[in-house]
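A short write-up of the structure that comes next.
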2 protein chains.
Amino acid sequence: MEEKTTRPGPKRSLSAEQIVTTAMDLFDGETPSIRGVAARLGVRPNTLYTYLPDRAALERALVDRLLAEADPDLLLGRRSWRRRIEDYACSLRTVLLRRRGAAALFHSAPMDGPNAMLVGERLLALFTSAGLSPSDASRATYAVIVHVLGSATLTAADLDGHTEEEVVAARQAVQIDPELLPLTAAAWSTTATWNTETQFRWSLHALLDGCAAR
Amino acid sequence: MEEKTTRPGPKRSLSAEQIVTTAMDLFDGETPSIRGVAARLGVRPNTLYTYLPDRAALERALVDRLLAEADPDLLLGRRSWRRRIEDYACSLRTVLLRRRGAAALFHSAPMDGPNAMLVGERLLALFTSAGLSPSDASRATYAVIVHVLGSATLTAADLDGHTEEEVVAARQAVQIDPELLPLTAAAWSTTATWNTETQFRWSLHALLDGCAAR
DNA sequence: ACCTGAACACCGTTCAAGT
DNA sequence: ACCTGAACACCGTTCAAGT
């Protein structure tokens with residue numbers, strides 16, 4: 001009677017949770033594949049279909065895990081509403097950059113899991129406390145989500161396993177013809193740092209300024 | 001002597017341009033595949049490797065075509081700098097939503113083609129005209145790019161072939177428990193419209209406000 | 001110089017069969 | 001109830017061979 005973990009079923013050697021956990025350890029530049037996860041678990045690919053309807057279900061579960069890994073509690077506490085949003089946003093960015101291929105998941109899987117809803121609720125609370133109407137708070141919430149995911153995805157693609165320093169150095173080395181693209185050439189030292197946390201914070205800051213002004 | 005199209009080579013039945021053009025017509029929810037493009041051209045998959053080094057090259061070419069299709073000339077003219085940015089941004093969003101699977105391309109392929117550079121230069125000019133320093137103009141440019149691509153990608157995933165109206169109606173129908181998520185429940189009528197052009201314009205507007213305040 | 005046949009190492013998914 | 005063997009319909013890519 002003590003070994004009933006979730007349901008009576010006794011023969012079950014796996015679980016959906018275990019599959020998702022295994023998949024979380026398999027990020028390496030690609031989204032974990034059904035066959036890859038099965039191989040890691042020492043099982044045939046089609047075995048996973050006992051626990052998951054399809055690959056999309058795995059992806060949705062991974063999305064929710066990643067949101068939790070960034071620690072939604074960073075949205076609580078007594079720091080300013082802006083600080084709390086920035087802290088969670090940076091944490092999520094870090095999580096998505098550490099697990100290569102994680103950012104891309106958010107663009108094929110809907111964010112409707114429990115952690116997504118929790119993060120949404122807390123962002124709404126923060127924007128409401130900043131004086132926004134419920135409707136504007138909702139719009140601001142999505143604006144922040146778009147920024148974090150869009151930025152993390154582009155940066156993940158650009159890093160592609162290299163460090164931030166390497167990528168910035170490589171971009172700095174590019175020569176822009178000042179005849180053809182004068183402004184691009186003039187601003188290139190900044191443009192070379194587009195995929196850094198500094199840029200991420202700058203644009204998030206600008207976005208929050210614009211939202212707060214509503 | 002009149003049939004030399006680009007180079008002397010006489011036997012060549014294809015060209016990289018033709019391959020990319022064929023791929024442009026093949027968007028349907030997935031990124032066009034090497035094998036799919038080859039089949040459409042009535043040729044074996046490996047034939048394409050005569051013209052393209054790999055799939056990544058095809059994707060980079062498609063990204064630049066899509067940027068051009070949105071019409072970078074919308075960034076010119078005598079409308080206000082904000083209007084011009086919003087017009088091009090909305091146009092690019094429309095292009096990316098019309099060609100299903102197009103938005104996802106931007107997250108695997110670098111934006112370093114001629115049209116990407118042109119769009120960048122023009123955005124820099126607009127932000128400079130708004131009073132930003134070269135460095136801030138560069139940061140604002142990337143913030144806008146992140147917003148447009150992030151937003152278009154999330155919306156493309158959410159639409160998945162359905163119309164905006166259908167998706168909004170489906171989200172409106174979702175019931176949120178006001179005990180568990182009071183703010184989410186209260187703001188749900190707005191949250192249901194996250195993937196609309198109205199939301200897109202709202203958050204772009206907020207972002208531009210924040211950038212202009214620098 | 002260009003195109004192909006054949007192969008390699010992958011995918012997600014289905015379905016009938018075994019235990 | 002769970003797992004598997006075998007198969008299906010796909011991928012991108014390589015390489016030796018044909019023209």
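Proteins get letters first, then strands, A, B, ... in listed order; numbering begins at 1 in each. No hydrogens, no waters, no symmetry mates; every other heavy atom, side chains included, goes into these values.
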Below 4.0 angstrom from OP1 or OP2 of [N], is there any side-chain N or O of [X]?
X	N	result
Arg55(B)	dG12(D)	yes
Tyr49(B)	dC2(C)	no
Thr50(B)	dC2(C)	no

- Given the C1' atoms of dC3(C) and dA16(D), what is the spacing between them in whole Å? 13 Å
- Task: Only counting residues at least two apart or in another chain, list the ones meeting side chain to side chain donor-acceptor pair (under 3.5 Å) with Thr190(A).
- Result: Ser135(B)
In whole angstroms, how far is the [atom2] atom of [N] from the [atom1] atom of [X]?
X	N	atom1	atom2	answer
Leu41(A)	dC2(D)	CG	P	16 Å
Leu48(B)	dC2(C)	CG	P	14 Å
Arg44(A)	dT19(C)	CZ	C1'	15 Å
Leu58(B)	dC11(D)	CG	P	13 Å

- Where is the tightest heavy-atom contact between Ala102(B) and Leu66(B), given as atom of each residue plus distance? CB-CD1, 3.8 Å
- Query: Which comes earlier along DNA chain C counting from the 5' end, the contact point of Pro32(A) or that of Val43(B), where each point is its nearest nucleotide?
  - Reply: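 Nearest-nucleotide comparison on DNA chain C picks Val43(B).
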Salt bridge (Lys or Arg N to Asp or Glu O under 4.0 Å) contacts touching [range] (sequence neighbours left out):
range	result
residues 42-59 of chain A	Arg55(A)-Glu59(A)
residues 102-113 of chain B	Arg60(B)-Asp112(B)
residues 136-164 of chain B	Arg93(B)-Glu164(B), Arg100(B)-Asp160(B)

- Query: Looking at residues at least two apart in the chain, or sitting in another chain, which of them share a side-chain contact (heavy atoms from CB on, under 4.5 Å) with Thr21(A)?
  - Reply: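 Checked Thr21(A) against side-chain contact (heavy atoms from CB on, under 4.5 Å); matches are Arg65(A).
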Output a table of nitrogen or oxygen pairs between the protein and nucleotides 6-10 of chain C separated by less than 3.5 Å.
| unit_1 | atom_1 | unit_2 | atom_2 | d |
| --- | --- | --- | --- | --- |
| dA6(C) | N6 | Asn46(B) | ND2 | 3.3 |

- Task: Find the runs of at least 3 consecutive base pairs, i with j, i+1 with j-1 and so on, that include DNA chain D, using Watson-Crick or G-U wobble geometry with both distances under 3.5 Å.
- Result: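 C:4-8 with D:12-16, C:12-16 with D:4-8 - these are the stems of 3 or more pairs that involve DNA chain D.
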With a cut-off of 3.5 Å and sequence neighbours excluded, list every side-chain donor-acceptor pair involving residues 168-177 of chain B.
| unit_1 | atom_1 | unit_2 | atom_2 | d |
| --- | --- | --- | --- | --- |
| Arg171(B) | NE | Thr191(B) | O | 3.4 |
| Arg171(B) | NH2 | Thr191(B) | O | 3.0 |
| Asp177(B) | OD1 | Glu179(B) | N | 2.8 |

- Query: Yes or no on ring pair (Phe, Tyr, Trp, His ring centres under 6.0 Å) for His147(B) and His147(A), after CA distance, side-chain angles and deciding distance?
  - Reply: CA-CA 6 Å; His147(B) 177 264; His147(A) 178 264; 8.9 Å; no
Donor-acceptor contacts, no H, no angles, side chain residues 22-39 of chain B, under 3.5 Å, sequence neighbours left out:
| unit_1 | atom_1 | unit_2 | atom_2 | d |
| --- | --- | --- | --- | --- |
| Thr22(B) | OG1 | Gln18(B) | O | 2.8 |
| Asp28(B) | OD1 | Glu30(B) | N | 3.4 |
| Ser33(B) | OG | Gly36(B) | N | 2.9 |

- Message: If you only use heavy atoms from C-beta on, which nucleotide in dT13(C), dT4(D), dT13(D) is closest to the side chain of Asp54(B)?
- Response: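 Taking heavy atoms from C-beta onward, the closest nucleotide is dT13(D).
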